[in-house]
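See structure below.
For clarity, every value in this text was computed on a predicted model and none was experimentally measured.
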Amino acid sequence: MKKTILAIFVAAITMPVMAQLNDINEKKFSVGVRTGVTIGGLTGVADMLNYDPSGIAPVNPYDSKAGAGISLGVVFNTRINDWFYIQPGLEYAMLSSKAKLELPAKELDGTGLSEDKYSTVVRGHYLRIPILASFRINFDKCQLQVNTGPYLAVALAARQIDSRAFTYAADQGAYSGMTFKGKTITDPLATQYNMVYDNTGNLTEIDEYSGYNRFDVGWDIGIALNYKNIVFGAKYNVGFVNMLNEEMFNIVNASEPGDVKFDKTMRNSSFSLSIGYDF
């Protein structure tokens with residue numbers, strides 16, 4: 001009797017699990033939700049900040065660092081056969097890049113400062129449409145997925161935050177040891193104006209432009225593990241589009257004859273970890 005009760009109890013526990021596993025392997029179509037964190041954003045921000053039209057390298061160059069963001073999305077799994085699926089999706093992703101500069105003490109001699117730091121953070125809020133080929137291996141209790149394919153993206157909003165913090169040296173009287181901080185926030189997607197004047201000082205032309213391109217195209221590659229319809233994933237994506245409006249950047253910053261042209265690219269590149277559920 002006890003063995004019978006135990007067998008019924010075990011069956012009651014395992015049957016829902018097996019049903020879920022069958023769902024993983026047999027469903028022709030399913031919808032999943034995903035949420036996670038992103039690490040990275042625009043590459044080349046430090047190159048832009050270190051740029052000098054004269055071609056002179058900065059004594060104290062900015063250093064690039066990856067920032068963190070979040071991602072939210074939905075995926076649509078269409079089963080072609082046991083091992084191959086098509087997985088389009090819709091995803092919001094916040095990408096973040098940082099560049100920092102801290103002037104060394106020897107560079108501050110005679111300035112009256114004991115510390116001087118600069119930083120720039122560029123954040124982009126993107127809506128992405130990945131269209132992935134999903135190769136899957138089914139095991140008894142889980143499913144391994146390898147996903148890869150292109151994505152289209154549009155920047156919904158962007159912010160560039162420039163900050164400076166400096167501290168007065170001990171010999172600066174009333175200001176001794178005091179720290180001051182300042183911050184400027186700009187929208188690199190907003191319309192900007194480059195005004196051109198003739199030799200007499202009259203305005204002859206206005207070029208309207210935005211600092212960054214709004215649209216991106218790139219490639220995703222990643223892996224995922226589906227266990228009881230809970231999906232753990234990791235992926236890397238890289239953009240193919242130069243997000244900096246390089247032509248206008250050079251017109252504005254290197255417009256004099258003989259100026260060195262800025263020829264670096266700023267592309268989106270990020271790594272993300274996610275967790276989700278397939279219905």
Is there a side-chain contact between M266 and M48 (heavy atoms, below 4.5 Å)? yes
Does the side chain of D162 come under 3.5 Å of the side chain of T184 through a donor N or O and an acceptor N or O? no
Spacing of CD1 belonging to I221 relative to OG1 belonging to T148, to within rounding of 0.5 Å: 4.5 Å
Just checking K261: does its NZ atom have more than 12 heavy atoms from other residues, nucleotides or ligands closer to it than 6.0 angstrom? yes
Shared hydrophobic cluster, Y209 / I251 (ILVMFWY, side-chain heavy atoms < 4.5 Å): yes
Among the clusters formed by ILVMFWY side chains lying less than 4.5 Å apart, do Y85 and V75 turn up in the same one? no
Residue pair D220 / Y236, side-chain donor-acceptor N/O under 3.5 Å: no
Criterion salt bridge (charged side-chain N to carboxylate O under 4.0 Å, His left out) on K228 and D278, from CA distance to verdict: CA-CA 9 Å; K228 298 181 182 179; D278 283 350; over 6 Å; no
Heavy-atom distance under 4.5 Å between the side chains of V59 and E107, does that happen here? yes
CD (E247) with more than 12 external heavy atoms under 6.0 Å: no
Donor-acceptor pair, distance only, cut-off 3.5 Å: does the side chain of N253 make one with the backbone of F249? yes
Taking atom CD1 of I131 and atom CD1 of I86, what is their separation to the nearest 0.5 Å? 9.5 Å
Return yes if some donor-acceptor pair links the side-chain N/O of T265 with the main-chain N/O of R267 below 3.5 Å, else return no. no
Tell me whether S71 contacts the main-chain N or O of A93 through its side chain, where contact means a donor paired with an acceptor under 3.5 Å. no
Could you tell me if the side chain of R34 sits less than 4.5 Å from the side chain of V74, heavy atoms only? no
Heavy-atom distance under 4.5 Å between the side chains of N147 and Q87, does that happen here? yes
Test E115 against T179 for side-chain contact (heavy atoms from CB on, under 4.5 Å), laying out the working first. CA-CA 9 Å; E115 189 176 68; T179 299; 5.5 Å; no
Pair R123-I161, side-chain contact (heavy atoms from CB on, under 4.5 Å): steps then yes or no: CA-CA 8 Å; R123 291 194 180 99; I161 306 169; 3.5 Å; yes
Before you tell me yes or no, could you show the steps for F84 and F135 under ring pair (Phe, Tyr, Trp, His ring centres under 6.0 Å), namely the whole-Å CA-CA distance, both residues' side-chain angles and the distance that decides it to 0.1 Å? CA-CA 5 Å; F84 182 66; F135 303 91; 5.3 Å; yes
In one Ile/Leu/Val/Met/Phe/Trp/Tyr side-chain cluster, 4.5 Å: Y118, L49: yes
I'd like to know if the side chain of N250 and the backbone of A254 have a donor-acceptor N/O pair within less than 3.5 Å. no
Identify whether V33 and I230 are in the same connected component of the hydrophobic contact network (ILVMFWY, side-chain heavy atoms under 4.5 Å). yes
Quick one: closest heavy-atom pair of A68 and I39, and the distance? CB-CD1, 3.9 Å
Determine, for E91 against K235, whether the closest basic-nitrogen to carboxylate-oxygen distance falls under 4.0 angstrom. yes
Taking N138 for its side chain and D82 for its backbone only, find out whether a donor-acceptor pair lies under 3.5 Å. yes
What distance do N237 atom CG and Y126 atom OH have between them, rounded to the nearest 0.5 Å? 10.5 Å
Would you say M195 has more than 12 foreign heavy atoms packed within less than 6.0 Å of its CE? no
Only one of Q160, M243, R159 forms a side-chain contact (heavy atoms from CB on, under 4.5 Å) with V122, so which one is it? Q160
Can you tell if the side chain of F76 reaches within under 4.5 Å of the side chain of P88, non-hydrogen atoms only? yes
How close do F215 and V241 get, counting heavy atoms only, and between which atoms? O-CG1, 3.7 Å
NZ/NE/NH1/NH2 to OD/OE distance under 4.0 Å, K100 and D63: no
Any sub-3.5 Å donor-acceptor pair from S270's side-chain atoms to G40's backbone N or O? no
Under 3.5 Å side-chain donor-acceptor pair for N77 and R136: yes
In the structure I gave you, are the side-chain heavy atoms of W83 and I137 within less than 4.5 Å of one another anywhere? no
Least distance between heavy atoms, L132 atom then P150 atom: CD2-O, 4.3 Å
Any chance you could lay out the side-chain contact (heavy atoms from CB on, under 4.5 Å) test for D216 and Y151, step after step, and finish with the verdict? CA-CA 8 Å; D216 190 19; Y151 72 81; 3.1 Å; yes
Does OH belonging to Y175 count more than 12 external heavy atoms closer than 6.0 Å? no
For I223, is the CD1 atom crowded, meaning more than 12 foreign heavy atoms sit under 6.0 Å from it? no
Spell out, as yes or no, whether a donor-acceptor pair under 3.5 Å connects the side chain of S269 to the backbone of V238. no
Of all heavy-atom pairs between L95 and G41, which one has the smallest distance, and what is that distance? CB-CA, 3.8 Å
Nearest atoms (heavy-atom pairs only) where N242 meets K264: ND2-O, 3.9 Å
Ignoring hydrogens and angles, tell me if any N or O in the side chain of T38 forms a donor-acceptor pair with the backbone of M94 under 3.5 Å. yes
Any side-chain heavy atom of L42 within less than 4.5 Å of one from N268? yes
Ring centre gap for F262 and Y51 strictly below 6.0 Å: yes
Is there a side-chain contact (heavy atoms from CB on, under 4.5 Å) between Y92 and I70? Walk through the geometry before answering. CA-CA 8 Å; Y92 159 78; I70 62 172; 4.0 Å; yes
Non-hydrogen atoms of N60 and L103 that approach each other most closely: ND2-CD2, 3.6 Å
Taking C-beta and beyond as the side chain, do I275 and Y277 meet within less than 4.5 Å on heavy atoms? no
Separation between CG (L273) and OG1 (T35), nearest 0.5 Å, reads 11.5 Å
Within the side chain of S210, is there an N or O that forms a donor-acceptor pair under 3.5 Å with the backbone of Y212? yes
Can you tell me how far OG1 of T78 sits from CZ of F29, rounded to the nearest 0.5 angstrom? 5.5 Å
Could you state the interatomic distance from CZ (R214) to CG (L189), rounded to the nearest 0.5 Å? 4.5 Å
Hphob cluster co-occupancy, L156 + L90, side-chain heavy atoms under 4.5 angstrom: yes
